[in-house]
Amino acid sequence: MTKQDSGAVPRHIAVIMDGNGRWANRRFLPRLAGHKQGVESLRRCARACVQRGVQVLTVFAFSSENWNRPEEEVSGLMGLLANALAKEVQQLSRDGVRLHFIGDRSGLGDKVCAGLAQAETVTAHNNRLVLNVCFNYGGRWDIAQAAARLAEKGEPITPQSLDRALALAHVPDPDLLIRTGGEMRISNFLLWQAAYSELFFSDSLWPDFDEACLDEAIAAFASRERRFGQTSAQVQQSQPTSSHPQTS
């Protein structure tokens, strides 16, 4: 699949990267080895999205509930994030990828927060792909923090104002949400933004999710009719120039 197929390619893809631990367990490796392999899969997926003309990729890297995992795994994930930032940011910048880290940074260490901010600054000028990495993120947290910000300013809470206050207000809502690992739930990810996303569940564990898996998900997306509350007849009659709803 190439950029020439742009009519069938979602503008924004979101991914729940599930299965790193199971991938490692099946190979009798520490769970952290699966997370390390997951970084390689993310690198591969980002590159493939650029090649296919996807404009935004949002990935669920660490949920607010993941703090409940074993301390050794959480500590390892924090170290892995720091190492990935040091090793990957320059290459991502050369590839034209702009990084945004989405989530509650109050629970992260100073070193990690500084690394996130630096990575965002280094890549701020890029425009080939926006890569949102959701770290210490939860969909309920996102909605609650947006409502709190509006209340603090004394602004009325409406669907439009809430949409502008959410952590992903800088990008359109995801067209396609992929979950790997065979589970069929969204696990507190993009609860607001995924209201009209097409869902695709892959049995592949995240470290095994390759270009062919991505193309399968994109092909499934292209085969679906997106109605946004309308009937099929209305959609066919209106023939919109874009399948994406307007965002603020």
Side-chain angles (χ1 to χ4, degrees), residues 1 3 6 9-20 35-63 66 77-78 80-105 108 112-139 142 166-180 186 189-190 192-194 197 200 202 206-207 209-211 213-215 217-218 221 244 247:
M1 184 174 294
K3 287 187 178 181
S6 57
V9 174
R11 181 180 182 185
H12 181 178
I13 295 178
V15 184
I16 300 175
M17 305 181 294
D18 193 20
N20 291 339
H35 294 303
K36 290 179 179 178
Q37 191 64 33
V39 172
E40 173 59 35
S41 187
L42 176 55
R43 183 191 299 115
R44 183 172 60 221
C45 185
R47 187 184 307 118
C49 283
V50 170
Q51 293 169 349
R52 285 151 180 76
V54 176
Q55 298 177 28
V56 183
L57 173 63
T58 299
V59 297
F60 205 8
F62 188 87
S63 78
N66 285 157
L77 281 168
M78 293 300 165
L80 183 60
L81 174 62
N83 290 336
L85 288 172
K87 294 179 180 178
E88 304 294 338
V89 169
Q90 293 301 328
Q91 183 58 53
L92 288 171
S93 186
R94 286 191 291 268
D95 291 340
V97 176
R98 180 173 185 175
L99 278 166
H100 286 273
F101 290 92
I102 309 301
D104 183 4
R105 300 191 189 185
L108 305 179
V112 171
C113 287
L116 301 185
Q118 183 180 16
E120 289 177 331
T121 299
V122 168
T123 63
H125 63 285
N126 296 327
N127 57 17
R128 293 189 71 190
L129 177 73
V130 174
L131 175 56
N132 300 306
V133 180
C134 295
F135 199 87
N136 198 23
Y137 172 89
D142 195 4
L166 290 166
L168 283 171
H170 59 286
V171 294
D173 290 343
D175 303 293
L176 172 63
L177 191 155
I178 301 169
R179 179 171 186 146
T180 64
I186 61 174
F189 184 49
L190 305 183
W192 179 278
Q193 297 89 341
S197 300
F200 183 86
S202 171
W206 175 244
F209 192 84
D210 57 14
E211 293 86 349
C213 296
L214 179 64
D215 287 340
I218 292 175
F221 169 83
H244 308 284
T247 58

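Quick caveat: nothing in here was measured; it's all calculated off a predicted structure.
- Not one N or O on the side chain of Ser93 forms a donor-acceptor pair closer than 3.5 Å with the backbone of Val89.
- Counting all heavy atoms, side chain and backbone alike, Asp142 lies closest to Ala167 at OD1-N, 3.0 Å.
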Take Ile178 and Leu214 through the test side chain to side chain contact (heavy atoms under 4.5 Å, CB included) and record every step on the way to the result.
CA-CA 9 Å; Ile178 301 169; Leu214 179 64; 4.2 Å; yes

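- Contact of the Thr123 side chain with the Val97 side chain is not registered, since no non-hydrogen atoms from C-beta on lie closer than 4.5 Å.
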Stepwise side chain to side chain contact (heavy atoms under 4.5 Å, CB included) check, Gln90 with Val122
CA-CA 8 Å; Gln90 293 301 328; Val122 168; 4.0 Å; yes

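- Of all heavy-atom pairs spanning Asn126 and Leu92, the tightest one is ND2-O, 4.3 Å.
- Panel note: side chain Thr180, backbone Asp18; a donor-acceptor pair is recorded below 3.5 Å.
- In plain terms, the two heavy atoms of Phe209 and Arg44 that are nearest each other are O-NH2, 2.9 Å.
- One finds the SG atom of Cys49 at 12.5 Å from the CG atom of Asp95 (value rounded to the nearest 0.5 Å).
- Environment of CD in Gln118: sparse, with no more than 12 heavy atoms of neighbouring residues, nucleotides or ligands closer than 6.0 Å.
- Salt-bridge annotation for Asp175 and Arg11: absent, with no side-chain N of the basic residue lying under 4.0 Å from a carboxylate O of the acidic one.
- The CG atom of Leu57 sits 6.0 Å away from the CG atom of Leu129 when rounded to the nearest 0.5 Å.
- Among all heavy-atom pairs drawn from Ser41 and Trp206, the shortest one is OG-O, 2.8 Å.
- Here the closest heavy-atom approach between residue Thr58 and residue Phe189 is recorded as CG2-CZ, 4.0 Å.
- Of the residues His100, His170, His12, the one that meets the side-chain hydrogen bond (donor to acceptor under 3.5 Å, both in side chains) test with Asn132 is His170.
- Atom NE2 of His125 sits about 10.0 Å away from atom CZ of Arg98, to the nearest 0.5 Å.
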Derivation of the side chain to side chain contact (heavy atoms under 4.5 Å, CB included) call for Ile13 and Ile218:
CA-CA 9 Å; Ile13 295 178; Ile218 292 175; 4.3 Å; yes

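- The distance from the CE atom of Met17 to the CZ atom of Arg179 is 11.5 Å, given to the nearest 0.5 Å.
- A distance of 6.0 Å separates CG in Leu131 from CG in Leu42, rounded to the nearest 0.5 Å.
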When you look at Leu166 and Trp192, which way does the side chain to side chain contact (heavy atoms under 4.5 Å, CB included) test go after all the steps?
CA-CA 9 Å; Leu166 290 166; Trp192 179 278; 3.1 Å; yes

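- Side chain of Asn136 to backbone of Asp104: a donor-acceptor contact under 3.5 angstrom is found.
- The closest donor-acceptor contact from the side chain of Glu211 to the backbone of Ala48 lies at 3.5 Å or more, if one exists at all.
- Considering every non-hydrogen atom in both Asn20 and His35, the closest pair reads ND2-ND1, 3.3 Å.
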